[in-house]
Amino acid sequence: MKIQKLNNFFRKLGEFQLKHRWIFLILIFAVTAFCCIGLRNLDLSSSEEEWFDDWDNIKIAQDKFEDMFGADDSVMALIEADDVFDREVLEAIDEIGKRLEAEVPYAKSVTSLTELSIPQGNEEGFEIISPLEDFCENNYSDQEIAEKKKYILSRESLVNSLVSDDAKETWIVLQLENYSEPMTQAMNKIVTPARAIFTSPEFQSEKFTIKPTGLSYTEYEESEVTAREISIRIGIGFIVMIVCLIIFMRSLRGVIVPCIATVGAIGSVLGLNGWLKIQGDDQMIALPVLLSMALSIGYAIHYVNSFRLHFRRTGNRKQSVLNSMEESGWPIFFTVITTVAGLISFLFADIRPLRWVGGCSACCVFAVYVYVMILIPIFMSFGKDGKAASASDLAVMEGATKTDLAVEKAGSRIIRRSVLVLILSLAVIAGMIPGIPRTQVNMDYTEMMGERTDFVKRLLSILRGKLGSQYSYNVLIEYQDADAFKSSDAVKRLDVLSQKLGSLDTTKVSGSKPRVTSITKIIKEMNRTLNEDSQEAYAIPEDDDLLTQEMFLYEISGGD
C-alpha cells in the first residue's frame with residue numbers, strides 16, 4: 001500500500017513547517033490581513049433578481065411589460081376599520097396618500113378611496129372622476145359621503161379589489177416608477193420614509209389599523225429579520241464551538257487556535273469575495289460560516305488528540321507534532337477533498353445563489369483546513385518538553401486515557417456483536433425510508449419564519465382578509481397588429497382568458513369574485529356608464545366601432 005508514502009509526505013511537510021514556523025506565521029497573518037481588508041467591499045444581496053441563468057430573457061420580458069404599464073413594484077397599506085368611509089378614516093387615507101406621494105422616492109401615483117379614476121356619464125358621453133378627491137380640502141357633509149360610498153360600492157371593478165364589499169377593508173396603493181438602481185439599494189430609500197409615515201403618531205387611531213406591504217417593503221423587512229436571525233445563530237454557533245472545544249480539548253491552546261483558524265479562514269474567504277467583486281447572498285451566508293465552525297472543531301480535535309497521545313508517550317513536543325502530522329495528515333486531508341468535491345457540485349446548479357454558497361462553502365472548508373494544518377502544529381511546537389511515560393503502566397505507556405480505553409471497550413463490544421448491530425442498523429434505515437417521499441422543500445418565508453415574526457404575522461393577517469394576496473403574476477398579451485384589441489372578438493377572448501385565470505386554484509377569490517385585473521373591466525365599466533348605468537350593460541360591446549370609441553373617450557378623458 002502507498003499509505004505510508006503519504007504519511008511520510010505529511011511528516012516531511014511538518015518538518016518544513018516547524019523549521020520555518022515564524023515565516024509561516026508571518027505569511028498567514030499577512031494573507032489574512034490583506035483578505036480581511038476586502039470585507040469592506042463585500043456585497044451581500046437578498047434580491048431574487050438574476051437568480052437564474054436565463055435571467056436575460058426574463059429581464060427582457062419584464063422590461064417590456066414595465067415600459068408599457070409601469071413598474072411592478074408598489075408600496076401598499078391595507079386599512080381596516082368598522083367602516084372605511086368614516087370621516088376620520090377617509091381623512092387619514094387622504095393624508096397618508098399625499099405624504100407617500102410627496103416623501104417616498106420613485107413615487108408615481110396613489111390609488112385610494114380619495115384618489116380614484118371612475119368613468120361617469122355626462123351630456124357629452126362620460127368623464128373620469130374621483131368622487132372623494134382631496135377629501136381633506138373639501139368639507140363633505142355626512143350625506144354626501146354616504147352617497148359617494150354607495151356610488152363607489154356600486155362599481156363592480158372596485159368592489160373586493162380596492163375596497164371590500166362590507167366596507168371594512170381598503171387599499172392605499174403607491175405605484176412606483178422604474179428603479180434607476182438595483183432593488184436592494186432602491187428599497188432602502190423607499191421603505192424608510194414609507195415606514196415613518198405608516199408608524200407616525202398622526203395616523204394611530206382606535207378607529208382603524210394600517211398594515212403596510214408591497215414587494216420592496218416586504219423584501220426589506222425580510223432582509224432585516226434574516227440579518228438579525230443569522231447574526232444570532234452564528235453567535236450561538238460560535239459559543240457552542242467554544243464550549244465543545246473546552247470540553248474536548250481541555251487546553252487553552254486547544255481552544256484559542258481553532259477559534260483563530262475559524263475566524264481567519266471565514267474572514268479570508270469572504271474578504272476575497274469583496275476583492276473579486278463577487279456578490280453573495282445574505283440569506284445563505286450562515287451555511288459556509290456554520291460549516292466552517294463545525295469542521296474547524298473536527299480537524300482540530302483530530303490533530304490535538306493525536307499530538308497529546310504521542311506527547312504522553314514521548315514527552316518530546318516537536319517529535320509529537322511530527323508524529324501527529326504523519327498520523328493525521330492524510331486522513332484529514334482526504335476528508336477535506338471529499339467534502340470540497342461534494343460542495344463543488346453546487347457549481348453546476350442553474351440557480352446563482354446556490355452556486356455562490358457551494359463555491360464559498362468549498363473555499364471555507366479548504367481554508368479552515370489550511371489554517372488548522374498550519375497553526376495547530378506550529379503553536380503546539382512552542383513550549384517545554386514533558387516527561388516520557390513510565391513503562392510500569394501499560395495504558396499510560398501507550399498514551400491512552402480513561403476516555404480512550406472506554407471508547408476502545410465500546411468498539412470491542414460492537415465488533416463482538418457485529419451481526420446484531422448490522423441488523424438493527426438496517427432496520428432503523430428501513431424504518432426511515434417511508435419518510436423520504438414525505439420530505440417537503442418549501443421556499444415560502446411565511447411558513448419558514450412563522451407568525452412569531454412580526455412582519456409575517458401582519459402579512460398573514462392581510463392574506464386572511466378579503467383584499468390581501470401574497471403574490472401576483474403579470475401576463476402580457478400581444479398581437480402583431482397594433483389595433484388588434486379594437487376588435488370586440490379579441491377583447492372577448494381576453495375576457496375569457498381572464499375568467500380562465502380566475503378559475504385557477506391559486507387565484508385569490510374575494511367573496512365570489514376572482515382577483516384578476518384586465519382592460520376588460522374598464523371597457524365594461526365604460527359601456528355601463530354610456531348605457532344609463534344599467535347592470536345589464538356591464539359587458540363588452542358587440543360593435544367594433546363602439547368599442548373603439550369607448551377606448552378613445554377613456555384615453556382623452558384622462559384615464560390611466
Side-chain angles (χ1 to χ4, degrees), residues 70-71 73-120 127-155 157-177 190-214 216-217 458 462 465-468 510 517 525 557-560:
D73 192 11
S74 58
V75 175
M76 309 168 68
L78 183 69
I79 307 299
E80 294 180 339
D82 291 336
D83 182 4
V84 294
F85 289 91
D86 179 271
R87 183 180 298 276
E88 182 180 331
V89 179
L90 289 172
E91 287 176 351
I93 290 172
D94 190 41
E95 187 60 32
I96 289 172
K98 285 181 168 60
R99 286 192 57 183
L100 286 172
E101 202 166 11
E103 298 175 24
V104 176
Y106 298 107
K108 183 180 180 182
S109 62
V110 170
T111 300
S112 69
L113 288 178
T114 61
E115 294 290 340
L116 283 174
S117 294
I118 304 177
Q120 178 175 279
E127 61 182 337
I128 306 299
I129 66 164
S130 180
L132 293 168
E133 187 174 13
D134 295 328
F135 183 83
C136 292
E137 286 77 12
N138 297 312
N139 190 23
Y140 295 107
S141 66
D142 292 342
Q143 183 178 353
E144 287 178 310
I145 294 175
E147 291 174 355
K148 293 176 184 295
K149 172 183 176 180
K150 182 179 179 181
Y151 177 72
I152 290 172
L153 292 178
S154 70
R155 301 298 94 180
S157 60
L158 299 178
V159 174
N160 288 330
S161 290
L162 181 69
V163 59
S164 61
D165 52 11
D166 58 7
K168 293 182 180 296
E169 301 175 24
T170 188
W171 282 115
I172 301 174
V173 182
L174 174 66
Q175 188 66 34
L176 300 175
E177 300 278 5
I190 292 167
V191 176
T192 302
R195 179 186 283 174
I197 294 169
F198 294 138
T199 58
S200 171
E202 177 185 354
F203 303 121
Q204 308 308 307
S205 172
E206 294 180 355
K207 284 195 172 184
F208 62 88
T209 57
I210 305 173
K211 295 180 178 178
T213 184
S216 56
Y217 201 99
R458 184 181 71 247
I462 293 173
K466 291 188 175 183
L467 304 185
S510 299
T517 302
E525 285 284 10
S557 299
D560 183 9

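Quick caveat: nothing in here was measured; it's all calculated off a predicted structure.
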Kindly determine whether Val89 and Asp83 satisfy side chain to side chain contact (heavy atoms under 4.5 Å, CB included), including the steps that lead there. CA-CA 8 Å; Val89 179; Asp83 182 4; over 6 Å; no

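Of the possible donor and acceptor atoms, one in the side chain of Asn160 sits under 3.5 Å from a partner among the backbone N and O of Asp165. At least one donor-acceptor pair closer than 3.5 Å links the side chain of Ser141 to the backbone N or O of Glu144. Judged by distance alone, with hydrogens and angles left aside, the side-chain atoms of Arg87 form a donor-acceptor pair with the main-chain N or O of Tyr140 at under 3.5 Å. With Glu80 contributing its side chain and Thr170 its backbone, the two residues share no donor-acceptor pair below 3.5 Å. Under the 3.5 Å distance criterion, the side-chain polar atoms of Ser154 are matched with a main-chain donor or acceptor of Tyr151. The backbone N or O of Pro131 sits less than 3.5 Å from a side-chain atom of Lys148, completing a donor-acceptor pair. Judged by distance alone, the side chain of Ser74 and the main-chain N or O of Met76 form no donor-acceptor pair under 3.5 Å.
Note that CG of Leu158 is 12.0 Å distant from OG of Ser164, once rounded to the nearest 0.5 Å. How far CZ of Phe135 is from NZ of Lys98: 10.5 Å, rounded to the nearest 0.5 Å. For the atom pair Tyr217 OH and Ile190 CD1, the distance stands at 12.0 Å (nearest 0.5 Å). Atom CG of Leu467 is separated from atom CD of Glu169 by 4.5 Å, given to the nearest 0.5 angstrom. Residue Ile145 holds its CD1 atom at 11.5 Å from CG of Leu113, rounded to the nearest 0.5 Å. A distance of 9.5 Å separates CG in Leu176 from CG in Leu100, rounded to the nearest 0.5 Å.
Annotation: side-chain contact (heavy atoms from CB on, under 4.5 Å) contacts of Ser205 (sequence neighbours excluded): Glu88, Lys207, Phe208.
A side chain to side chain contact (heavy atoms under 4.5 Å, CB included) with Glu115 is found for exactly one of Ile93, Asp134, Leu132, namely Asp134.
Ile210 and Pro212 make their closest contact through O-CD, 3.5 Å (heavy atoms, listed as atom of the first residue, atom of the second, distance). Nearest heavy-atom pair, Val104 versus Pro193, reported as atom, atom and distance to 0.1 Å: CA-CG, 4.3 Å. For Val75 against Ala194, the heavy-atom pair with the smallest separation is CG1-CB, 4.1 Å. Nearest heavy atoms, Val159 versus Ile152: CG2-O, 4.2 Å.
Summarising the local packing, CD of Glu137 is surrounded by more than 12 heavy atoms from other residues, nucleotides or ligands at distances under 6.0 Å.
Side-chain contact between Leu116 and Arg155 is absent, with no heavy atoms from C-beta onward closer than 4.5 Å. No side-chain heavy atom of Trp171 sits less than 4.5 Å from a side-chain heavy atom of Thr111.
Among residue pairs with one or both ends in residues 196-206, those qualifying as salt bridge (Lys or Arg N to Asp or Glu O under 4.0 Å) are Arg99-Glu202; sequence neighbours excluded.
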